[in-house]
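None of the values given here were measured: they were computed from a predicted structure.
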Amino acid sequence: MYMSTDEVRNAFLKFFESKGHQIVDSSSLVPHDDPTLLFTNAGMNQFKDCFLGLEKRNYTRATTAQRCVRAGGKHNDLENVGFTARHHTFFEMLGNFSFGDYFKEDAISFAWEFLTDTLKLPKDRLLVTVYETDDEAFEIWNKQVGVPADRIIRIGDKKGGKPYESDNFWQMGDTGPCGPCTEIFYDHGEHIWGGRPGTPEEDGDRFIEIWNNVFMQFNRHADGTMEPLPKPSVDTGMGIERISAIMQGVHSNYEIDVFQTLIKAAAEVIGYEDLSNQSLRVIADHIRSCSFLIVDGVMPSNEGRGYVLRRIIRRAVRHGNKLGAQGAFFYKLVGTLASVMGTAGEELKKQQAVVEKVLRIEEENFGRTLERGMTILTEALDNLGDEKVLDGETVFKLYDTYGFPADLTNDVAREREFAIDEEGFEKAMEAQRQRAREAGQFGTDYNAAIKVDTNTEFCGYTGTEGSSTVAAMFVEGSEVEALSAGDKAIVVLEETPFYAESGGQCGDAGVLKTSSGLFKVEDTQKLGNAIAHHGELTEGVLAKGDDVAATVDAERRAAISLNHSATHLLHAALRQVLGEHVTQKGSLVKPDNLRFDFSHLEGMTKAEIKQVERLVNAQIRTNHVIETNVMDIESAKAKGAMALFGEKYDDEVRVLSMGEFSTELCGGIHASNTGDIGLFKITSEGGIAAGIRRIEAVTGEAALDAVEAQASQFEAKLGDAASKAKSLEKEIQQLKDKLAAVESANIMGKVEQIGGVQVLVAALEGADSKNLRTMMDNAKNQMGSGIALIANVADGKVGLIAGVTKDLTGKVKAGDLVKMVAEQVGGKGGGRPDMAQAGGTDVAALPDALKSVKGWLEERL
């Protein structure tokens, strides 16, 4: 019976829903609140706290189709991808889970029913494994399900290993929950090489594991003691790619519908015809992991998760380059992927433009260095001769200078049957790795987490005060019965008005008072279902069981709530101004400001920032009532509430509405009305990664302070500019005076004698009219006794000035001279006997007018 991958996914979820399981959305590929994991790599990751007893949900049975990535850290399949039939960087794990509900009998019968009744797999093609001493599972398979004993294989501990080191015994760590597991294998047929599990030929491809049922049955202590768990649980997983291959009658995962569609699309954009080429398989696999990592907020970088993403992108690009790809091609596969993923591709469709942009930029950046790096690598390999090992220094140079991850260099070397000097490369990388270790990435021991049975009731939505009882206290991770003054500790209450940090909103601060002690709360955090008050006992003593008066710092809480409400308005405004591709990628709400990260491809313009501010402030002035309603998740979505992709939500959620402008799911603390926010002001906007922008903003009194500070800065700058302008004007005038003096000296060569009197008649082009008087004074001074007429043409107009020294004004008056010339150039003028100015509009008539001066003066001198 043929089934598409999407049909397999839906059939699995619907089957377990019919068995009383809650269908839970796939969690983000970036694990929330779990620093031990680089990426989500199994279906149980999002339920880890449930299995540890740190979290209780309103269901005890769950089923998921969880997206997983194994491309870094402990679980790294990157080098095998494309070269084997079933290794992937990205895969989907179908799972069903029981949290202290059903156990082995139901888990086994569910798996068998789905495979043989729903999917109609032949029973004689299936065989199972159990842990060697798990007689209970063996009996269920044999007696109740009816699997023949010769098709049930007992798998024991590995030779030379510790007790319980077996492929059929699962453990979360050296201590903690653990238990046996039973696996289901599918026989692909005698025509494929390989042996049954437990035989020397088990690594062949004939018998393929398709389902693993883990029975969390014991709690393993540090001394190796196995204590039975009071509520045994079930964790199962079935790779959708493997079961889809069976349902589609193919052997390799790369032959299923999803991969065949992607391989054909990759061949088309590259222009390559041989669909069997392994490089096309690599590209088809890598577009899945890269796209969904970006959807979940990971961006290419040189550290942590971002570096793993960069490695995968560059590996895909290099394989495309091998096939002759011209220019960027990888990003063009995102649309095909979104379509072929069916129901699992909805979020990718929403963020398609962002994913394409990030991939294209990264691809183009790497493309600039790929050719040069490949030239160096090829030359280095050509020169190795019989050594067959590329030195670590060259491997590091390719990484450090050309961005070639070591595994990409290893890929190229392996294709030519060379190896790389990994030890030498590691030595060269030690400095960077030491810095990464110091940063503490992914190094927390999960099993050291404090375990609290208390389910603290939060009662702080409507007030900042409450009465409660101390349920537990911890100092440096260890539970204590009492605290003394000066002790820094974590206090857990049975109920509390203190909000624990969540959804970007920082935790509350305040005090816990008893008749004999005072505990100053500096921060509040979640601890599974408990709420942990972090702080110091500043007075007296505090003991487990004491009654306390819990008082939140109300002023601080109010400031936080204003900023939190403003983030919702900001989110809605950004989507209106920039487009609906904008989605929240992180936030931090504190008393003094707010920070909001969002997906967007380029920096915002000043006009866009101004428009967003105006929109938010308009909603503040409208003074919407901020309404909170509790409803089931489906009703919330139907109401249009925006859910943050990758966040965990219970069946019942809080829906926060601000008029029709903003409707979101949110469990945080908010203002009563939007008008309470007062004023909203963006203080900065910038990029923090490719396709991710960050806005910082302030509200209320802090916003007023920001506006006032901005106005003061403007006034100061304006004053500085005015002072500078005056200084420049003075400097310019001085330069103009100097220029006028130079021009005066230049025109003195035109002085001639008329009737025994020195006469200067000169024409200028483009001189500053304001300097003509200065030039005239200079000319008269230099002549001592004489008559001068200076004309200037500027901006299509004629400027005239005449000057007569006082000893000659009885014969010639400057006003008469300038008037005579002005009338000839379409103007008129006059003035004192010794100095007169005029203007005209007929520039063409000026030469003849100036020639007439000589005759006019000869008649009078």
Side-chain angles (χ1 to χ4, degrees), residues 9 13 22-51 55 57 62-73 75 88-95 97 237 240 287-301 304-309 312 334 337-338 341 343-352 354-355 358 441-442 444 446 501-504 526 571 581-588 596-599 633 637 642-650 653 664-667 688-692:
R9 182 189 301 108
L13 296 175
Q22 173 70 46
I23 297 177
V24 179
D25 290 339
S26 172
S27 64
S28 169
L29 288 170
V30 179
H32 286 276
D33 304 322
D34 189 350
T36 66
L37 287 176
L38 189 65
F39 298 116
T40 298
N41 58 26
M44 64 83 64
N45 291 161
Q46 68 166 305
F47 302 115
K48 187 182 283 189
D49 282 357
C50 297
F51 289 125
E55 178 183 359
R57 303 192 182 184
T63 183
T64 64
Q66 175 64 52
R67 293 185 300 279
C68 303
V69 163
R70 291 185 179 176
H75 298 288
H88 306 292
T89 57
F90 173 97
F91 61 95
E92 286 185 88
M93 185 66 76
L94 303 173
F97 309 92
I240 196 172
I287 191 62
R288 301 209 305 165
S289 55
C290 293
S291 296
F292 281 103
L293 282 172
I294 294 169
V295 163
D296 285 349
V298 181
M299 292 292 153
S301 68
R305 297 182 176 106
Y307 179 59
V308 176
L309 172 59
I312 302 173
V334 176
L337 174 62
M341 287 298 291
T343 53
E346 293 305 315
E347 187 61 27
L348 177 56
K349 290 177 183 176
K350 295 177 185 176
Q351 298 194 46
Q352 181 176 335
V354 173
V355 175
V358 173
Q441 294 189 36
F442 318 115
T444 302
Y446 194 91
E501 181 176 341
S502 180
K526 286 186 176 180
H571 193 185
H581 66 278
V582 169
T583 54
Q584 181 176 337
K585 291 298 183 182
S587 68
L588 179 60
F596 189 79
D597 299 342
F598 59 99
S599 55
I633 185 71
K637 290 179 179 179
M642 186 184 302
L644 300 184
F645 187 67
E647 288 286 338
K648 290 190 299 185
Y649 294 105
D650 294 330
V653 293
E664 289 191 38
L665 304 184
C666 184
I688 59 171
I692 303 295

Quick check: do [X] and [Y] have side-chain heavy atoms less than 4.5 Å from each other?
X	Y	value
V295	L29	no
V69	F292	no
T40	R67	no
T64	S26	no
R9	M341	yes

Whether the side chain of [X] engages the backbone of [Y] through a donor-acceptor N/O pair (distance < 3.5 Å, no angle test) should be reported.
X	Y	value
T63	G95	yes
Q46	D25	yes
Q66	S27	yes
T583	S599	no
R305	V298	no

TODO: Go through I294 and M299 one step at a time and tell me if the side-chain contact (heavy atoms from CB on, under 4.5 Å) criterion holds.
DONE: CA-CA 6 Å; I294 294 169; M299 292 292 153; 3.7 Å; yes

- [ ] Using the six-membered ring wherever Trp is involved, compare the ring planes of F47 and F97 and label them parallel, tilted or perpendicular (cut-offs 30° and 60°).
- [x]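 Tilted: the ring planes of F47 and F97 meet at 30° to 60°.
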
Quick one: pull up [atom1] in [X] and [atom2] in [Y] and give me the separation to the nearest 0.5 Å.
X	Y	atom1	atom2	result
L337	R288	CG	CZ	7.5 Å
S291	D296	OG	CG	11.0 Å
F90	C68	CZ	SG	8.0 Å
E664	Q584	CD	CD	6.5 Å
H581	Q351	NE2	CD	10.0 Å
N45	F51	CG	CZ	10.5 Å

Taking all non-hydrogen atoms of both residues, which atom of [X] and which atom of [Y] are closest, and how far apart?
X	Y	result
V308	A71	CG1-O, 3.2 Å
G503	S587	O-OG, 3.6 Å
K349	A338	CE-O, 3.3 Å
A62	V24	CB-CG2, 4.0 Å
S289	T89	OG-OG1, 2.9 Å
E92	A65	OE1-CB, 4.2 Å

Open item on the list: Applying side-chain contact (heavy atoms from CB on, under 4.5 Å) to V358 and I692, what does each step give before you reach the verdict?
Closed with: CA-CA 10 Å; V358 173; I692 303 295; over 6 Å; no

